[in-house]
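Just so it is clear, the model here is predicted, and its values are computed rather than measured. Values below: all heavy atoms of this structure, side chains included; hydrogens, waters and symmetry mates excluded.
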Amino acid sequence: MTATQVRFGTKAETLKALDPLLASGKVLPAVHFTVRDWSEDRAGVLGRILRSPWAAAPLAVRSSARGEDSLLASQAGRFHTSLGVVGRVTLERAVETVIASYDGPDGDHQVLVQPQLTNVVASGVACSCDPSSGAPYRVLTWLDGGETDAVTSGRGDGVRTWYGAVEAVRAGIARPPVAGLEGVLALVDEVVTLTGHDRVEVEFAVTTDGDAVLLQARPLVVQPSEVGARAHSALLGAVADRWAHSAADAGKVLGSRPLYGVMPDWNPAEIIGVRPRPLALSLYRRLITDRTWARSRAAYGYRDLTGVPLLAEFAGIPYVDIRASFSSFVPAALPDRLAGRLVDHYTARLADNLHLHDKVEFTIVLSCNSFDLRRRLAELADHGFQAADRALVRQSLVTLTNRLLAPDGAWRRDVRRLELLPTARDGIRAALTACVEYGALPFAGLARAGFVGVQLLDGLVAAGVLSQPDRAAVLGGLRTVASAITEDFATLDRAVFLERYGHLRPGTYDILSPRYDEAPDLYFDWARGASPPAGAEAFRPSAAQRRDITELLREAGFTCTADELLHFIGESVKERERAKFEFTRVLSDVLVTARRTGHSHGFTDEDISYMEIDTLTALRGDASDRAALERAVERGRGRHAGTRSVLLPPLLLSPEDAWGFELPDMVPNFVTQLRVQAPVADIERGAAPEGAIAFVASADPGYDWLFARGIRALVTAYGGMNSHMAIRAQELGIPAVMGVGERKFALWRRAEVLDLDCANRMVEVLS
């Protein structure tokens, strides 16, 4: 038998073929038999197993169904496995349970019986390429100790995932964080060689002796990457170089340590995704992150970083420059030296607490006065900040926040500015200019005001003045776009409803995402009908609560009254959502105009998505336009192919992260105190949302339609407690888990039914 003559069969057949050939790992001894064998000669099969020299130890009875691990589909974790099987009666029952988990009475299905490993230090799944994209990575997903099928079954808690670029693994640059897993990488390489398949997946266990045990090998059903390993390595080299040179590109940015993340501040992962196409990315930069973000923040009393881009691209993946973000949260009144020390403190704290990357405005930076500001300032004393330093920081934040809450505060000016946003403007360039000045700019300011409002609301809860139900009542009593769209869907004529909300789309910046009025039947079940939701009453504090709030305000140095504070909290949240709604109306029309322009030159929507917005605004209206657009499409398509092949962590801490990294374990944000048990609906793959826990990767406002479709709960991979959809869910009383991270999102999305318990901050796989 030559090195590439091992053919994939059932689980049992593949292990039997690989067993005598493996040099980097071992296969456990086994007995396998068909369902037909079992039905015709049960006693004989049991005797064969029990006569094996290893049969006295606890056994593992595993599925080995036809088609379970084929070249067309993998059904990993679908069928039953029984562990810890001891004795004839228990063995017989375990075999019956495995057979019962099969889809039908096919007699050629098999059952595999092996000794159960008891000295396991790590077990999991290893892939020879990224199982989502086929990109050239070695991917290890494992659990330290535990049951050997915990990863594939979805029951594992504490699962870890590591990515290493193939060329970097071969060169020894990328190494997994657990020494015993080095042998698993060698095992994967050998399975690739022996089978002749470069896309394989193996289940493994590592023992206390350091042995890599092969539990299963199967072809990985994924298309090959468009980018080969060497070209991919060159892309990653550019990422590492970009990071290494970033320390010299500081300019106005404070702090000495470069740090980049996909979730802090104007989190691109939530708004445009981690791999946006060129049109979406260039629009986001043009409208928000090149200048608007900094202009708005400076107008609110923070350090002026106008001219500093907030986003940095690494192989086309947008990251927030966290030093720039943290610098922009420093009050303008603070002297440079103290401001720089603060930014260094913030970045060091985040680097030591990666799970806080989507909560930096609540837990890392000091960006406004709050009821716990004195306590948080006291913590600075442990990091070398003297009393005089802390006093300067406090006074600057008190002054900044009082100005914000004043009757002529900057947020009120932004509300008035939003009224000047035109409903239509001829041409993309003119529409973008209007969108920035009268849409994006006030929206950016009102987003800051809304954050301050929510932080102060949470401060009242933390101080015990308001309860969690009070908090829900404050937000639930606001008639924002979320409540309006649900109510209007139940009461308005279809045409009127689409006239009002038709500009919304799930991917706000994505031309490939249809607007509501372009695909209304995709988003709404018009035949089902709906009852208008019961309107919540506006929250009214008791006299005692009003007195307590007044005392808190006095002690913290606020100059507003209790009623003025509650008014600000409600209005800031409501106006933020209104600003987003109005701003996206113009943005959506820009995308419509871009589509019309591209179509007039013979390009498809797919083609247009690869164009950058500057290409469209620079068209001259003559014969040269088509050639310019063709070049833009070709350039964008090629670059995006590279982007799709690159995997990077949510936080880039060093150049080495380009070559290999372990995904950090994110701490989800639980919204409401409610609990629900319901089936999972993968919305982005077309599942019906009614009565289900809806899974969407990002918390984009265009997913408001889900709330009109009767979802039971919401889960997102990206998005924090102050994200658009978190506010929506809180207002409507829909339990949600926001920003669970890529690993938990993928794990829970594969489940059929989940138990989502927000009060206890738990998610359990029921089936």
Side-chain angles (χ1 to χ4, degrees), residues 126-141 160-178 181-182 185 188 225-250 255-264 267-269 272-276 281 309-325 347 350-352 354 357 638-666 718 741-743:
C127 300
S128 65
C129 65
D130 173 42
S132 298
S133 66
Y137 286 88
R138 296 293 188 249
V139 185
L140 303 178
T141 302
R160 301 168 65 180
T161 301
W162 176 83
Y163 292 87
V166 168
E167 292 292 307
V169 169
R170 289 171 178 164
I173 298 172
R175 291 188 171 91
V178 178
L181 296 178
E182 294 273 6
L185 294 176
V188 171
S225 173
E226 298 177 58
V227 178
R230 291 188 179 179
H232 181 259
S233 186
L235 281 171
L236 298 187
V239 169
D241 289 344
R242 170 74 178 87
W243 196 102
H245 287 99
S246 62
D249 298 337
S256 57
R257 180 176 184 176
L259 196 62
Y260 300 91
V262 299
M263 279 298 295
N267 37 18
I272 56 175
V274 293
R275 292 176 188 82
L281 176 56
L310 182 62
L311 286 192
E313 289 181 52
F314 293 91
I317 299 175
Y319 279 80
V320 166
D321 182 337
I322 295 176
R323 284 191 304 170
S325 170
T347 53
L350 179 58
D352 291 339
L354 300 183
H357 78 137
R639 289 179 178 173
H640 194 62
T643 299
R644 290 197 303 273
S645 75
V646 171
L647 298 169
L648 296 173
L651 279 165
L652 280 173
L653 304 178
S654 71
E656 288 72 27
D657 286 342
W659 305 107
F661 60 91
E662 182 178 351
L663 280 179
D665 194 23
M666 298 293 101
Y718 306 107
E742 294 181 24
R743 186 187 60 77

Next on the checklist: Restricting to non-hydrogen atoms, name the atom on Val262 and the atom on Pro268 that form the minimum distance, rounded to 0.1 Å.
Outcome noted: O-CD, 3.3 Å

Item to check | Contacts of type salt bridge (Lys or Arg N to Asp or Glu O under 4.0 Å), residue Glu182, not counting sequence neighbours | outcome: Arg175

Checklist entry - What's the shortest heavy-atom distance between Val227 and Ala231, and which atoms? => result CG1-CB, 3.7 Å

Next on the checklist: Looking at every heavy atom in both Ala658 and Val239, which two are closest together, and how far apart are they?
Outcome noted: CB-CG1, 3.8 Å

Item to check | Counterpart residues, side-chain hydrogen bond (donor to acceptor under 3.5 Å, both in side chains), relative to Tyr137 (two or more places apart) | outcome: His232

Checklist outcome for this item: For Ile322 and Gly261 the tightest heavy-atom approach is CD1-N, 3.5 Å

Checklist entry - Rounded to the nearest 0.5 Å, how far apart are CZ of Arg323 and OG of Ser256? => result 7.5 Å

Item to check | Closest non-hydrogen atom pair, Pro318 against Gly273 | outcome: CG-O, 3.9 Å

Checklist outcome for this item: Sequence neighbours excluded, the answer for side-chain contact (heavy atoms from CB on, under 4.5 Å) partners of Leu354 is Leu651, Leu653, Pro664

Checklist entry - How about Leu652 and Leu259: do any of their side-chain heavy atoms sit closer than 4.5 Å? => result no

Checklist entry - Who passes salt bridge (Lys or Arg N to Asp or Glu O under 4.0 Å) against Arg170, sequence neighbours left out? => result Glu167

Next on the checklist: Rounded at 0.5 Å granularity, tell me how far OG1 in Thr141 sits from OH in Tyr163.
Outcome noted: 6.5 Å

Next on the checklist: I'd like to check the side-chain contact (heavy atoms from CB on, under 4.5 Å) partners of Pro177; sequence neighbours left out, ordered by chain and number.
Outcome noted: Trp142, Arg160, Trp162, Glu662

Item to check | Residues which pass side-chain contact (heavy atoms from CB on, under 4.5 Å) with Ile173, listed by chain and number, not counting sequence neighbours | outcome: Ala168, Ala171, Trp659

Checklist outcome for this item: Contacts of Asp657 meeting side-chain hydrogen bond (donor to acceptor under 3.5 Å, both in side chains) (sequence neighbours excluded), chain-then-number -> none

Next on the checklist: List the residues meeting salt bridge (Lys or Arg N to Asp or Glu O under 4.0 Å) with Arg275, not counting sequence neighbours, and say none if there are none.
Outcome noted: none

Item to check | Arg138 (side chain) donor-acceptor with Gly164 (main chain) under 3.5 angstrom | outcome: no

Next on the checklist: How long is the straight-line distance from CG of Asn267 back to NE2 of His357, given to the nearest 0.5 Å?
Outcome noted: 9.5 Å

Checklist entry - How would you list all residue pairs meeting salt bridge (Lys or Arg N to Asp or Glu O under 4.0 Å) that involve residues 227-240, not counting sequence neighbours? => result none

Checklist entry - Given the rule in the side chain to side chain contact (heavy atoms under 4.5 Å, CB included) test, do Ser325 and Leu310 qualify, once you have shown the distances and angles that lead to the verdict? => result CA-CA 7 Å; Ser325 170; Leu310 182 62; 4.0 Å; yes

Checklist entry - Which pairs with one or both residues in residues 641-650 pass side chain to side chain donor-acceptor pair (under 3.5 Å), sequence neighbours excluded? => result Glu226-Arg644

Checklist entry - Among all residues two or more places apart in sequence or in another chain, which pass the side-chain hydrogen bond (donor to acceptor under 3.5 Å, both in side chains) test with Ser225? => result none

Checklist outcome for this item: Residues at least two apart in sequence or cross-chain that pass side-chain hydrogen bond (donor to acceptor under 3.5 Å, both in side chains) with Ser132, listed by chain then number, are none

Checklist entry - Which atom names give the shortest non-hydrogen contact between Asp321 and Tyr260, and what distance separates them? => result CA-CD2, 3.7 Å

